[in-house]
Amino acid sequence: QQQVKQSPQSLIVQKGGISIINCAYENTAFDYFPWYQQFPGKGPALLIAIRPDVSEKKEGRFTISFNKSAKQFSLHIMDSQPGDSATYFCAASMSWGAQKLVFGQGTRLTINP
Amino acid sequence: DAMVIQNPRYQVTQFGKPVTLSCSQTLNHNVMYWYQQKSSQAPKLLFHYYDKDFNNEADTPDNFQSRRPNTSFCFLDIRSPGLGDAAMYLCATSFGGRGNTEAFFGQGTRLTVV
């Protein structure tokens with residue numbers, strides 16, 4: 001019930017292409033869905049987050065699409081750049097009290113120049 | 001800049017020798033978390049402090065303890081490290097309450113057990 005499933009495990013995209021990472025959750029009590037970016041040897045950093053009252057959120061080249069009925073959400077990176085090469089984690093939590101994040105398994109993204 | 005600071009960045013300890021990792025924050029957040037991240041895996045929550053209240057995750061081994069002497073500092077104690085405890089340990093903070101804010105992570109402490 002607490003799991004967040006993320007795919008693919010790894011992804012290679014050409015520079016300028018669109019990177020798409022998908023996540024699915026089970027616990028309907030989750031109402032906060034962030035995406036974190038992590039570079040090797042660093043802590044995760046918040047990239048973008050969405051709450052289920054909207055179906056899409058865009059910040060620059062990064063867009064989250066959210067499908068509440070399917071309990072799925074995805075990250076789209078437009079015009080992918082080599083500097084976007086990192087590991088991306090989706091996560092889910094409840095938006096009240098402590099933010100106990102349940103992370104997906106992670107996607108290692110490589111952008112080829 | 002306000003941030004979450006973890007010390008040390010790298011820690012080598014002997015099998016069975018107690019070790020303490022530290023975390024400090026200047027964000028004045030009331031919630032502090034400790035996550036364990038093993039190689040090529042997702043971070044896994046060990047426990048968190050909500051103000052002064054300690055909240056342990058059900059599957060966190062007894063070998064792991066935590067202390068929060070004040071709002072700014074939090075410590076992770078590993079009483080008898082085993083080889084399986086080698087990992088990156090991440091401290092995070094957030095403001096707890098309705099409509100909680102994002103969680104900010106520190107740079108992590110990479111623990112090696114020899």
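In what follows, every heavy atom counts, from backbone to side chain, and hydrogens, waters and symmetry copies are set aside.
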Q | Least distance between heavy atoms, B:Y35 atom then A:Q99 atom | A | OH-O, 3.9 Å
**Q.** Interatomic spacing from CD in B:Q107 to CZ in A:F39 - rounded to 0.5 Å
**A.** 11.5 Å
(Q) Quick check: closest heavy atoms across B:Y50 and A:G97, and the distance to 0.1 Å? (A) CE1-C, 3.8 Å
Q | Leading residue by heavy atom contact count with chain B [cutoff under 4.5 Å; candidates A:V102, A:L46, A:T87] | A | A:L46
Q. Within a strict 4.5 Å, meaning less than it, do heavy atoms of the B:Y33 and A:L101 side chains meet?
A. no
Q. In residues 54-90 of chain B, which residues are in contact with chain A at a heavy-atom separation under 4.5 Å?
A. B:E57, B:M88, B:L90
Q | Test item: B:R9 side-chain N/O and A:G41 main-chain N/O as donor-acceptor pair under 3.5 Å | A | yes
Q | Cluster overlap A:L47 with A:V54, hydrophobic side-chain contacts below 4.5 Å | A | yes
Q.
If hydrophobic clusters are built by linking Ile, Leu, Val, Met, Phe, Trp and Tyr wherever their side-chain heavy atoms come under 4.5 Å apart, do A:I20 and A:Y88 end up in the same one?
A. no
Q. Would A:W96 and A:I50 show up in the same hydrophobic cluster when neighbours are defined by side-chain heavy atoms closer than 4.5 Å?
A. yes
Q: Indicate if B:L21 and B:V31 have the same hydrophobic cluster label, given that clusters are the connected sets of ILVMFWY residues with side-chain heavy-atom separations under 4.5 angstrom.
A: no
Q.
Heavy-atom pairs under 4.5 Å with chain B - which of A:G43, A:P44, A:G106, A:P34 has more of them than the others?
A. A:P44
Q: Report whether A:L11 and A:L75 are members of the same hydrophobic cluster (ILVMFWY, side-chain heavy atoms less than 4.5 Å apart, transitive linking).
A: yes
Q.
Does any backbone or side-chain atom of A:Q6 lie under 4.5 Å from a heavy atom of chain B? Answer side chain, backbone, both or neither.
A. neither
Q: Please report the closest heavy-atom contact between B:A103 and A:Y36, naming both atoms and the distance.
A: O-OH, 3.0 Å
